[in-house]
Amino acid sequence: MSQSFLSVQPYKGTRDFYPEEMRFRHWLFESLRQTVSAYGYEAYDGPMLEPFELYAAKSGQELVNEQLYSFEDRGGRKVAMRPEMTPTLARMVAARSSQLSKPIRWYSLPNLWRYERPQRGRLREHWQLNVDLLGLSSEAAEIEIVQIAIDILRNLGASSFDFEVQLSHRELNNDLFSRVLKLQPEQTAAVARAIDKRAKIPAEKFEELLHEAACSAEQISTLKHFLDAPLLEIGEVYGESEGYLAMCRFFDGVNALGLGPVCRFNASIMRGLDYYTGTVFEVYDKHPDNRRALFGGGRYDNLVGMFGQTQVPGVGFGMGDVTLKDFLEVHGLMPELQSHVDVLIGLFDADMLITSQALARQLRAEGLRVEAVLQPQKLGKQFQYADKKGIPLVIMIGPDEATTGQATLKNLRTGEQQTLAQADLLPTIQAQLKI
RNA sequence: GUGGGUGUCGCCAAGUGGUCACGGCAUCGGAUUGUGAUUCCGACAUUCGUGGGUUCAAAUCCCAUCAUCCACCCCA
């Protein structure tokens with residue numbers, strides 16, 4: 001018998017958002033929106049479905065081959081559910097690049113899909129804040145974007161000790177690979193992957209990976225020295241490459257803004273997406289229970305150009321709600337949220353329904369959030385209900401009040417109760433809500 | 001895709017072969033019918049993810065299957 005019922009579980013890797021979870025999501029998104037709005041960023045959105053080719057071109061092998069939700073539509077077109085937002089953004093910008101006034105400051109909160117096995121911090125569907133600044137080639141863009149990333153975490157309650165922004169530059173790495181190490185082109189991918197993993201694996205394992213990539217002992221030692229060197233030393237020892245100079249300009253900027261302690265140069269930061277062309281960065285959680293990359297981004301100067309119109313440089317990042325929630329949890333920053341109802345209008349008995357409804361309408365018209373009891377219940381139940389839902393005020397109109405045009409207002413926080421003329425309710429309520 | 005853990009009421013959870021499967025939270029009802037958070041009383045799994053097997057007897061052992069979590073791979 002039970003076999004004939006449908007499962008109540010959500011699809012693997014997806015979540016139901018009951019009101020409780022939805023309250024958190026709204027709280028989180030609202031905080032994110034406020035932060036990016038403070039920098040003048042405007043919201044945009046695109047379709048959840050895109051042509052398969054949009055991702056095939058630039059997003060990276062694994063992402064496209066293994067983790068894309070894709071299908072053929074009824075017209076035989078290959079379609080994909082968006083696994084990331086940046087290609088959509090690039091497409092939208094490219095479509096109107098000549099009309100949009102630069103720089104373009106946009107943000108989005110899309111839900112994204114990736115087919116993979118769910119694990120801590122990674123599900124199949126998640127929501128991701130995307131913040132992008134397009135139309136600027138100078139490091140001023142990076143400096144603004146990194147400031148936003150920092151402010152987002154701070155405005156969620158994090159302190160500067162809770163996280164760290166680690167940055168590197170694709171051109172710095174390319175210069176290392178080709179000019180300093182003189183790697184063959186076919187070696188670079190494997191070396192890059194080894195560098196990317198370095199923080200998570202033992203030193204011997206790292207060397208082993210480099211051996212497998214056909215690196216000589218000398219190359220390995222040079223590479224290790226390079227990766228461990230402070231930024232300035234790289235310039236002194238290995239020459240001032242284009243990427244090096246860009247990093248210097250960036251750090252001069254953030255240091256002058258007092259953000260130096262939160263930002264650190266780390267030549268090991270690689271990032272997997274193929275379309276990054278310059279600065280790349282990742283924000284790390286410093287909590288011992290959650291030492292991981294929270295989110296990251298970088299510069300993509302060629303992405304818009306692949307649509308054939310003019311080239312528009314861009315910098316941006318994406319942060320997912322799942323990792324962000326993990327971050328807030330380990331740092332004790334989760335808010336305690338309740339529903340936002342100001343007043344419950346009780347129902348003394350069925351005869352009072354219209355009276356209480358009329359009062360509710362009146363108070364709502366004044367901008368209050370008013371919930372009204374619709375079915376007569378014991379008064380105790382009604383007060384209990386308000387208490388459980390965290391509604392601070394209850395209004396009750398019984399026969400006594402009705403005859404005199406009064407109402408009884410009880411404040412559940414203070415326990416105080418008063419009976420007053422219905423006309424005087426509004427100022428009293430407003431005063432009590434401010435407490 | 002690979003490896004490991006777990007699956008007992010909405011949630012947490014005791015129980016490891018032998019009467020009707022502890023307990024807590026939540027939910028619902030009640031404590032002389034105009035008032036809540038405390039307290040008290042009561043209700044709430046013929047059933048232990050599902051299917052099969054072993055046994056006189058299984059939530060407890062075995063097999064399969066599904067789900068979920070963690071790690072790897074990879075990475076927004």
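Bear in mind the structure is a predicted one, so any value in this text is a computation, not a measurement. In what follows, every chain begins at residue 1, and chains take the letters A, B, ... in the order their sequences are listed.
Residue-to-nucleotide contacts include a donor-acceptor pair under 3.5 Å from the side chain of Lys410(A) to the base of U35(B). Judged by distance alone with a 3.5 Å cut-off, no donor-acceptor contact links the side chain of Arg193(A) to the base of C75(B).
Between Met319(A) and Gly415(A), the residue anchored nearer the 5' end of RNA chain B, judged by the nucleotide with its closest heavy atom, is Gly415(A). In terms of position along RNA chain B, the nucleotide closest to Pro10(A) lies nearer the 5' end than the nucleotide closest to the other residue of the pair Gln128(A) and Pro10(A).
A distance below 6.0 Å separates the ring centres of Phe295(A) and Phe317(A).
Using a 4.0 Å cut-off between a side-chain N of Lys or Arg and a carboxylate O of Asp or Glu, Asp228(A) and Arg198(A) qualify as a salt bridge.
Within the nucleic acid shown, Arg271(A) comes within 4.0 Å of sugar-phosphate atoms alone, with no base atom in reach, counting heavy atoms only. Across all strands shown, Gln417(A) has heavy atoms under 4.0 Å from base atoms, whether or not it also approaches the sugar-phosphate. Gln119(A) comes within 4.0 angstrom of a nucleotide base, judged by non-hydrogen atoms across all strands. Among the protein residues, Gly297(A) comes within range of no part of the nucleic acid, since none of its heavy atoms lies under 4.0 Å from any strand. Note on Glu401(A): a base of the nucleic acid sits closer than 4.0 angstrom, heavy atoms only. Using a 4.0 Å heavy-atom criterion, one finds that Leu412(A) contacts the bases of the nucleic acid, with or without backbone contacts as well.
Applying the side-chain hydrogen bond (donor to acceptor under 3.5 Å, both in side chains) test to Arg271(A) and every residue at least two apart in sequence or in another chain returns Glu282(A).
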- Take Arg82(A) and Glu50(A), measure what salt bridge (charged side-chain N to carboxylate O under 4.0 Å, His left out) needs, and give me the verdict at the end. CA-CA 6 Å; Arg82(A) 59 187 177 194; Glu50(A) 290 279 7; over 6 Å; no
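Both distances falling under 3.5 Å, in either a Watson-Crick or a G-U wobble arrangement, place A71(B) opposite U2(B).
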